[in-house]
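Read through the structure below, which is laid out as structure tokens, and then see the notes.
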Amino acid sequence: MKFLIISDIHSNLEALASVFLDLYNNDEKIDRVLIPGDIVGYGANPNECCTIVRFLKNGKTSLKNEIQDIIQEIDIDDTDKKNITDYILSMGKKATIIVGNHDKAVIGKPSLVSEMIASANKAVMWTTKVLQKENVRFLKSLWFRKKLRKFGIELVHGTPVYPQGYQYLKNASTLNYDLLYSSVTFAGHTHRPAAYKYTSQKRNIAASVFIPIDQFDTRLMMLESKSMVRVEEFKITLNSGQRYYINPGSVGQPRDGTKASYMIYDTLSKQVSLKKATYNTEAVKKKVLKAGLPFELADRIVKGI
């Protein structure tokens with residue numbers, strides 16, 4: 001079984017499409033898709049991203065023509081458009097999805113724990129105005145957490161301890177073996193890919209993009225947010241008797257570079273791999289500005305911070 005994990009899409013259509021093109025070009029056969037929240041927010045294409053994600057979840061035939069039209073609007077080669085469309089349409093009814101804090105905010109249920117900066121709030125208000133009714137209903141239907149017990153997987157946006165809280169700086173540093181309720185917890189929210197290993201005796205890093213193993217301490221997430229170290233890919237092997245907290249990074253607004261970030265979990269080989277997909281960030285920046293969204297949000301796309 002191969003799982004695709006994509007998080008924090010944030011209304012970035014070009015970035016989302018680039019992930020599927022990357023999968024197609026690498027001939028990846030994906031069995032299930034896991035999405036740990038934040039489909040919308042920040043970007044200029046909330047309806048388009050919601051429509052694609054809805055199809056991944058429910059596979060409704062009525063959405064196929066709409067998806068074809070959506071992909072046609074992207075400024076890429078026609079062959080790539082066809083390949084992206086075909087790949088998406090092959091993935092219907094394969095997704096397990098939960099809600100993120102931006103998803104909740106645009107439907108009028110902001111987190112009481114994690115306050116948004118002014119530019120993020122402006123994006124929320126803009127998204128609320130343009131979001132189509134069917135996509136509002138879809139976001140309202142999503143849960144805070146999901147468990148795939150057969151595979152020992154749990155899906156949360158922040159932490160399994162308080163999934164509705166969306167804590168930024170305390171995600172991994174407040175966790176321990178007993179607070180990870182599944183063998184593998186996939187989370188998002190920080191826009192920075194990382195993987196941590198916990199045993200019943202101690203907590204240590206199996207692999208991390210941002211922190212050398214000798215710097216790991218209770219300031220973990222704060223250190224991550226300040227680190228300038230960037231790694232394009234990493235691969236870890238999961239061992240039995242240990243628990244893992246893994247973040248695939250962000251598809252639509254990565255803060256570790258300008259490429260769309262995603263992961264593949266192969267249950268046969270027990271390996272989790274970080275991957276990156278390239279897309280036209282300048283085109284996305286122009287779309288964000290054209291929509292009247294804050295410059296800061298557009299600039300982050302091309303700077304990857």
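Remember, it's a predicted structure, so these values are computed and weren't measured experimentally. Numbering starts at 1 and runs along the sequence shown.
- Remark: the backbone N or O of Lys235 is not paired with any side-chain donor or acceptor of Ser273 at under 3.5 angstrom.
- Checked by atom type and distance alone, the side chain of Thr278 never pairs as donor or acceptor with a backbone atom of Lys259 at under 3.5 Å.
- Here the side chains of Ile6 and Leu16 are in contact, with some heavy-atom distance below 4.5 Å.
- Glu28 meets the salt bridge (charged side-chain N to carboxylate O under 4.0 Å, His left out) test with Lys2; sequence neighbours excluded.
- Using a 4.5 Å heavy-atom threshold, the side chains of Ser182 and Ile153 count as separate.
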Step by step, would you call Thr237 with Gln271 a side chain to side chain contact (heavy atoms under 4.5 Å, CB included)?
CA-CA 4 Å; Thr237 300; Gln271 289 188 326; 3.4 Å; yes

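- Looking at Asp256 and Lys276, a side-chain N of the basic residue comes within less than 4.0 Å of a carboxylate O on the acidic one, giving a salt bridge.
- Residues Arg192 and Asn247 bring no donor and acceptor atom of their side chains to less than 3.5 Å of each other.
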Check residues 61-78 and write down every donor-acceptor pair under 3.5 Å in which the side-chain atom is one partner and the other belongs to a residue at least two apart or another chain.
| unit_1 | atom_1 | unit_2 | atom_2 | d |
| --- | --- | --- | --- | --- |
| Glu66 | OE2 | Thr51 | OG1 | 3.4 |
| Asp77 | OD2 | Thr79 | N | 2.8 |
| Asp77 | OD2 | Thr79 | OG1 | 3.3 |

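- There is a side-chain donor-acceptor pair under 3.5 Å between Thr96 and Arg32.
- Residues satisfying the salt bridge (charged side-chain N to carboxylate O under 4.0 Å, His left out) test with Lys287, not counting sequence neighbours, are Glu14.
- Listed for the Asp299 side chain is no donor-acceptor partner under 3.5 Å among the backbone atoms of Phe295.
- By the side-chain contact (heavy atoms from CB on, under 4.5 Å) test, Val136 pairs with Ile107, Leu131, Lys140, sequence neighbours left out.
- Distance alone, capped at 3.5 Å, places no donor-acceptor pair between the Arg145 side chain and the Leu155 backbone.
- Applying the salt bridge (charged side-chain N to carboxylate O under 4.0 Å, His left out) criterion to Lys82, with sequence neighbours excluded, gives Asp86.
- A donor-acceptor distance shorter than 3.5 angstrom exists from the side chain of Asn47 to the backbone of Gln132, with no hydrogens or angles considered.
- Taking the six-membered ring for Trp and thresholds of 30 and 60 degrees, His10 and Tyr42 have ring planes inclined between 30 and 60 degrees apart.
- The backbone N or O of Leu180 sits nowhere less than 3.5 Å from a side-chain atom of Thr185 that would complete a donor-acceptor pair.
- Put simply, the side chain of Val40 does not reach to within 4.5 Å of the side chain of Cys49, judged on heavy atoms.
- Taking the centre of each ring, Phe186 and Phe3 stay at or above the 6.0 Å mark.
- Ring geometry, Tyr166 versus His157: the interplanar angle exceeds 60°, so the pair is classed perpendicular (tilted spans 30 to 60°).
- In this structure, Arg243 is positioned above the aromatic face of Tyr177, its NZ or CZ under 6.0 Å from the six-membered ring centre and within 45° of the axis.
- Considering only heavy atoms from C-beta on, His189 comes within 4.5 Å of Asn101 through its side chain.
- Within a 6.0 Å radius of NZ in Lys81, more than 12 heavy atoms belonging to other residues, nucleotides or ligands are found.
- At least one side-chain heavy atom of Leu238 sits under 4.5 Å from a side-chain heavy atom of Tyr265.
- The side-chain heavy atoms of Phe144 and Val156, taken from C-beta on, include no pair separated by under 4.5 Å.
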Leu89 vs Phe55, side chain to side chain contact (heavy atoms under 4.5 Å, CB included): CA-CA, chis, key distance, verdict
CA-CA 8 Å; Leu89 295 182; Phe55 179 81; 3.9 Å; yes

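- For Ala123, the side-chain contact (heavy atoms from CB on, under 4.5 Å) criterion is met by Leu293, Leu297, not counting sequence neighbours.
- A heavy-atom distance below 4.5 Å is not found between the side chains of Tyr262 and Val33.
- Judged by distance alone, with hydrogens and angles left aside, the side-chain atoms of Tyr87 form no donor-acceptor pair with the main-chain N or O of Ala17 at under 3.5 Å.
- Heavy atoms of other residues, nucleotides or ligands lying less than 6.0 angstrom from CZ of Phe151 number more than 12.
- Residues Asp38 and Asp103 form a side-chain contact, since some pair of their non-hydrogen atoms from C-beta on lies under 4.5 Å apart.
- With Asn12 contributing its side chain and Gln253 its backbone, the two residues share no donor-acceptor pair below 3.5 Å.
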